[in-house]
Amino acid sequence: MERINELLEKYFKGETTLAQENELKQYFTSNKIVEAEHEAYRALFVAFGEEKKETAPISLSGALVPQHKPRRFWIKTFSYSGIAATLLLALWIQRPQQENDYAIINGRRIDDPQYAQEYAEKKLNAVHEMVQNGLKPLRDVEILKKNIRNSHRNSGYKNETIKSDKTQIINN
Amino acid sequence: MNSKQFNTQILTLSDKLFRLAKSMLRNTEAAQDAVQELSMKLWEKRKNLDEVENVQAFTMKAMRNLCLDTIRQQKDESELPAEFEFHELNPYQQTEHKDLAGRVKNLIDNLPELQRTIIRMRDVEGMEIAEIAFITSITENAVTVNLSRARQKIRERILSEQKHVEETIWKG
């Protein structure tokens with residue numbers, strides 16, 4: 001028993017090694033009856049063992065590692081591959097239509113690209129001609145204005161009358 | 001550190017981390033929150049954990065610092081005794097506290113934070129002085145001094161309680 005007394009003295013001074021402390025724990029927990037002088041300390045060493053049994057609540061271990069991570073990985077993989085498959089399918093469906101270009105002329109489907117091009121050129125030329133014809137009167141007005149300006153300069157009219165005349169001509 | 005390594009290395013520490021947090025905060029729910037918070041922080045920085053030599057000591061140190069922050073916050077937020085503030089059991093409650101382990105737990109919980117953390121790391125978790133010094137950021141000598149003080153205080157209280165019990169029995 002002297003050994004235990006000695007160890008206890010060292011223990012309270014903080015001088016025991018881990019092995020010696022284990023020896024004390026062993027003595028107090030395995031013997032049901034200890035020396036009367038040691039009885040008071042039994043609670044201490046029993047308590048240490050009891051405290052070590054306390055575990056983190058179960059929910060905690062679940063929270064420690066985000067357990068949903070692998071599941072989320074599969075959800076992501078499936079949804080992304082689903083989106084990719086849909087896109088591929090959509091492209092595949094549209095592809096043959098893109099290869100056969102056609103034009104609609106007068107409500108008729110034209111598959112001959114040469115004919116369509118010629119037709120378009122013809123129409124564009126017609127539009128050009130129409131625009132040119134439309135601009136012709138304006139060119140005439142320009143010539144008329146020029147002539148009037150020259151004749152006024154020769155006859156010495158004031159600017160104001162020139163202006164009013166010009167307006168009249170344009171209005172006519 | 002990948003998720004599998006994280007699982008095996010950190011998850012196995014969850015009980016120890018929980019006990020440390022509970023000892024420091026003296027509140028089960030707060031300890032649970034602290035472990036969850038820490039595990040999330042560690043998960044985010046799991047890549048850096050590969051560089052850590054002693055994962056247990058590093059994680060325990062991180063846990064202690066997190067709990068110290070919580071204690072500080074509690075003190076800042078209210079001048080009234082914080083929610084986590086521990087109230088010593090009155091004599092009636094003490095006599096009701098029949099199980100020995102519970103009584104010792106109560107005695108340890110009444111020690112200053114550093115002392116109760118150190119005594120539990122050593123006597124409950126069986127950690128080396130050097131590791132405790134690293135976790136608590138003090139010298140090994142300071143750890144031994146605090147450990148010795150904590151053990152002696154517990155001894156005094158156990159002996160005085162025993163004396164009180166003996167007197168009661170004798171009077172009765």
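Basis for what follows: all heavy atoms, side chains included, without hydrogens, waters or symmetry-related copies. All of these numbers come straight from a predicted model, not from anything done at the bench. Letters A, B, ... mirror the listed sequences (proteins, then strands); counts begin at 1.
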Exercise. Which pair of non-hydrogen atoms, one from A:Gly14 and one from B:Ser148, has the smallest distance, and what is that distance?
Worked result: N-CB, 4.0 Å
Exercise. Is A:Gln26 atom CD crowded by more than 12 heavy atoms from other residues, nucleotides or ligands, each under 6.0 Å away?
Worked result: no
For this session: Pick whichever of A:Lys25, A:Glu21, A:Glu50 has the most heavy-atom pairs under 4.5 Å with chain B.
Result: A:Glu21
Exercise. Where do B:Arg155 and A:Tyr41 come nearest, in terms of heavy atoms and distance?
Worked result: NE-OH, 3.0 Å
Exercise. Contact part of B:Lys16 toward chain A, heavy-atom cut-off under 4.5 Å: side chain, backbone, both or neither?
Worked result: neither
For this session: Check the hydrophobic clustering (I, L, V, M, F, W, Y; side-chain heavy atoms under 4.5 Å; chains of links allowed) and say if B:Ile129 and B:Val145 are grouped together.
Result: no
Problem set entry | Audit row: B:Arg116, A:Glu51, salt bridge (Lys or Arg N to Asp or Glu O under 4.0 Å) steps and yes/no | CA-CA 13 Å; B:Arg116 66 175 186 267; A:Glu51 282 205 16; over 6 Å; no
Exercise. Given a strict heavy-atom distance threshold of 4.5 Å, which part of A:Phe45 is in contact with chain B: side chain, backbone, both, or neither?
Worked result: neither
Exercise. What closest approach, in Å, do B:Phe18 and A:Glu54 show between heavy atoms, and which atom pair accounts for it?
Worked result: CE2-OE2, 3.8 Å
Problem set entry | Closest contact, heavy atoms only, A:Ala40 versus B:Leu159 | CB-CD2, 4.2 Å
Exercise. Any chance CG of A:Leu135 has more than 12 other-residue heavy atoms, nucleotides or ligands included, within less than 6.0 Å?
Worked result: yes
Problem set entry | Choice from A:Glu15, A:Lys13, A:Arg42 maximising heavy atom contacts with chain B below 4.5 Å | A:Lys13
Exercise. For the hydrophobic clusters of this structure (ILVMFWY residues joined by side-chain heavy atoms under 4.5 Å, transitively), does one cluster hold both B:Phe58 and B:Ile135?
Worked result: yes
Problem set entry | Closest non-hydrogen atom pair, B:Glu128 against A:Leu18 | OE2-CD1, 3.3 Å
For this session: Supply the atom-to-atom distance A:Leu44 CG to B:Arg157 CZ, rounded to the nearest 0.5 angstrom.
Result: 13.0 Å
For this session: Please round to the nearest 0.5 Å and tell me the distance separating atom CZ of A:Phe48 and atom CZ of B:Arg122.
Result: 11.5 Å
Problem set entry | Atom CD of A:Glu129 with >12 non-hydrogen neighbours under 6.0 angstrom | no
Exercise. When heavy-atom pairs shorter than 4.5 Å are enumerated against chain A, which of B:Leu147, B:Asp123, B:Ile108, B:Val124 gives the highest number?
Worked result: B:Asp123
Exercise. Side chain, backbone, both or neither: which part of B:Arg120 has a non-hydrogen atom closer than 4.5 Å to chain A?
Worked result: side chain
